[in-house]
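Because the structure is a prediction, the values reported are computed rather than measured.
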Amino acid sequence: MPEGSPAQYRPTEIEPRWQQYWVDHASYEVDNDDPRPRAYVLCMYPYPSGAAHMGHVRNYTFGDLLTRYRTMKGEAVLSPMGFDSFGLPAENAAIRTGVHPREFTDQRIEELTSSLTRIGGVYDWRRTLRSHDPEYIRWTQWIFLQFLEAGLAFREKGTVNWCPGCQTVLANEQVVDGRCERSDDPVERRDLDQWYFRITDYAQQLLDDLEGLDWPERVVTQQRNWIGRSEGVEFEMPICDAEGSIRSDGLSMRVFTTRPDTSYGMTFCVLAPESPLVEQITSSEEAASVSAFVEQVRNTSEIDRLSTEGDLGKRGTFTGAYALNPFTGKPVPVYLADYVLATYGTGAVMAVPGEDQRDHDFASAFELPVIPTVARPEGFEGGAYAGEGESINSPSPDQGAVPGPDLNGMGMADAKAAAIAWLESEGIGEATVNFRLRDWLVSRQRFWGCPIPVVYCDTCGIQPVPEEELPVLAPDDVEFTPTGQSPLQSHEGFLHTSCPSCGGPARRESDTMDTFVDSSWYFLRFCDPWSEGAPFSSDAVESWMPVDQYIGGAEHAVLHLMYARFFTKALADLGVAPEHLREPFQNLFTQGMIRLAGSKMSKSRGNLIAPEEILERWGADSLRLAHLAVKPPEEDVDWEDFGLEGCSRFLNRLWRLAVPGSALLETVERREGEPTEADLQVARSSHRLIEEVTEAYERWSYNVAVARVMAHLNELYRYVQGDAGVHTETLDRALDTLIELTAPATPHITAELWALRHDGTHVHERSWPTADPSMLVEATATMVVQVNGKVRDRVEVPADADEARCIEVARSSEKVAKLLDGEPRKVIARPPKVVNFVT
RNA sequence: GCCCGGGUGGCGGAAUGGCAGACGCGGCGGACUCAAAAUCCGCUGUCCGAAAGGGCGUGUGGGUUCAAAUCCCACCCCGGGCACCA
């Protein structure tokens, strides 16, 4: 055995050596002027919570495989790694232990960096970034100021979500079922002045541009739902009394509906309890019950208000006022109900119990009439009918003239159009598009985040911090108290400043930005992390963006992924990013999560499997291979199903056969010269493997790729241990191919074996193998012979046999002949796969 | 309720109109060994059968087709998302 060829595979010895090699030789650093075709492969940058957990390992294994694979395919692959390093855990730790969040965070970044290296991940570390770096803060703040100037950032008072656990406000996206997405505390409503980003300006674009993305349908649907576009019409309804006499003050309510075709079925309308109109229209008789109701709603938690449970009769009340239905010219009563949201549409709706189930339920509770306006299909039973049908019940002339149009007999689309046209021509209303998407609330009452770079001056009002004074950094001499209040709010040294405009005394903003702001542009900074005069140069971004493959968890479907899309569009429109860069992530892959005993692995559940122990026992390559082999990557996976033994066994088998001086080959007869048919079969199988593995990598079927590779190694073992001896060149080529094909998946063992087999050269620097087409053609094929669709025999036919020849061979099968009683009625032949005799 | 996924051996899964169960785990048997581990070889859907062989089989029921896990219709179950958004 040559020196340096240990008989045994020892992952813990070879892995650190190669990890060091890839760093020392800058193997995966790419420059912006690299001449090769470009690819940008990006895994969502992690929040540094310490050593990597299994979810990280899974995510970064896929990303790393892709980086190495595409590099071998000849591309310049940009594969950067950074840290989403602002966030509440560091601040909470500071409150507990007194350690400054920066120290805490830097420590954890070091741990995470080290575990990313230990699983074999390769990155261009020159480009690394951390959200809390002063340079990164500078540009996050700079972007905020651009937004401010463009009117995309604004401060507004409104009812907001407050998380008592996190002691801060939250964006709508960060509230799930009335609870904080992070801490799970029930959120409270508070009326506060806060900073927002005007993401609603981009609602239509965010919706339209989903079209061209290669994203999982699931994520696209979630974004579509979240944006929630609906087309309809807004129109005015004058407030009146029970007889229909319009008030002298000309008050009116504006309603939004998507079903103007059902306007003749309106038997009441409903106003949000928060509406400013409530006070003005409530009659004296109803004043007491209305104010009691408004008070009751104010005290209802978000969770209860969202619930569909509860007695509808208690969830609404009559105002004593009426509004004039412009279609009929008749008054309908105005109610309040907690399910009508002040923040959507006009905060007021027309109610049509005939065609809307919720209105129908409400009408039943308050004994209000129902007028159907759409013809029901035969046999329809139930309250409201929301389906397609002919319009009915527009009042006919003999019932007395009405102002509105006659919609009778029209289909839904025509009736809608006619109703809208009439409203517009009368000047009562206009067609409108409404979105569910709300502006993004970005201010947070926290310390460990990017400070919002504005000051408040008593004379000049809100003033942006001048660009040359950026970054605004939080002070270090702070004390974290158990109250949970951000120390910035009481740090006079930080708060006291002078107004950049008038020079007078001013106060700094003490709120910081949502950490999702940091992650909304980091992928742009990666293109050009050295940029000094701007967050990045447009040219650098131009050359790498959009990200060719983005990889991360599906839990960010409407958070990070929506915000990052908004940022990209806004920055492009502001001329900071290339104008035509409309989308940041062309391809998105969302990997499944890892469960243990059926439940999600998480620190809070205390059911973590530490990758460290696995790495020590089995090595990084076995762990990586197990992640790839266990399941299709997009599916959730149980830790119990990981086949570490099988993967480790495979790598050991590969080692024993491929290591120079393999003991396995000592007693095997080695042949040179012309290969036999058996040798050629092995060679052909190797070329087929190239095709299969390449195709499997391309379509993210890593579990299949691993299966094929394992099957091929089994075949090589049978070849070596058979009686016919081994054709040296055939075996060596097949093993080399196998090593090349697995190099992206299990980088350390393949690097080691290749170096041992080929004078210290590097498998990862080789170009991706391609199959020789002539080796993909088989001389014969196994053809299935069926009788009445049932498989009765298998026969060998020449691969190029025609129909007649196939049928002839099929007929000569004894098994088939026994079953064929005379001439078959019909024969179907699909050479060279199948012949089917139909009797 | 609506919209997406999905349902295949003991388990994870493969096969996207043409050989169901690749590959791995687990199990069984054999070789090596004083023995065990490791390793190597073989078997392993199910039922009937001593065997040869045959029947059945991809959630359920129907359909299309020479041929269906795969396409169509209806239903059941599991997972995810949305859900007073007017």
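No salt bridge links A:Asp177 with A:Arg179; every basic N to acidic carboxylate O contact stays at or beyond 4.0 Å. No salt bridge links A:Glu634 with A:Arg218; every basic N to acidic carboxylate O contact stays at or beyond 4.0 Å. Classification of A:Glu715 and A:Arg718 as a salt-bridged pair fails, no side-chain N sitting under 4.0 Å from a carboxylate O. With respect to the salt-bridge test (charged N to carboxylate O, under 4.0 angstrom), the residues A:Arg254 and A:Glu430 qualify.
Contact between the side-chain N/O atoms of A:Lys631 and the OP1/OP2 oxygens of B:C23 is not found at any separation under 4.0 Å. Side-chain N/O atoms of A:Arg656 include one lying less than 4.0 angstrom from OP1 or OP2 on B:C40. Under 4.0 angstrom from either OP1 or OP2 of B:A86 there lies at least one side-chain N or O belonging to A:Ser230. Contact check, A:Arg830 against B:C66: no side-chain N or O comes under 4.0 Å of OP1 or OP2. For the pair A:Asn714 and B:G24, the criterion of a side-chain N or O lying under 4.0 Å from OP1 or OP2 is met. Between B:C41 and A:Arg653, a contact under 4.0 Å exists linking OP1 or OP2 to a side-chain N or O.
The distance from atom CG of A:Leu628 to atom P of B:A14 is 14 Å, rounded to the nearest whole Å. Between A:Glu217 atom CD and B:G6 atom P there is a gap of 12 Å when expressed in whole angstrom units. Between the C1' atom of B:G1 and the CG atom of A:Asp356 lies a distance of 13 Å, rounded to the nearest Å. Across the protein-nucleic acid pair, A:Gln222 atom CD and B:A83 atom P stand 10 Å apart, rounded to whole Å.
On the P atoms, B:C40 is 15 Å away from B:C23, given to the nearest whole Å.
Both A:Ala342 and A:Lys833 lie close to RNA chain B; mapped to their nearest nucleotides by heavy-atom distance, the more 5′-ward contact belongs to A:Lys833.
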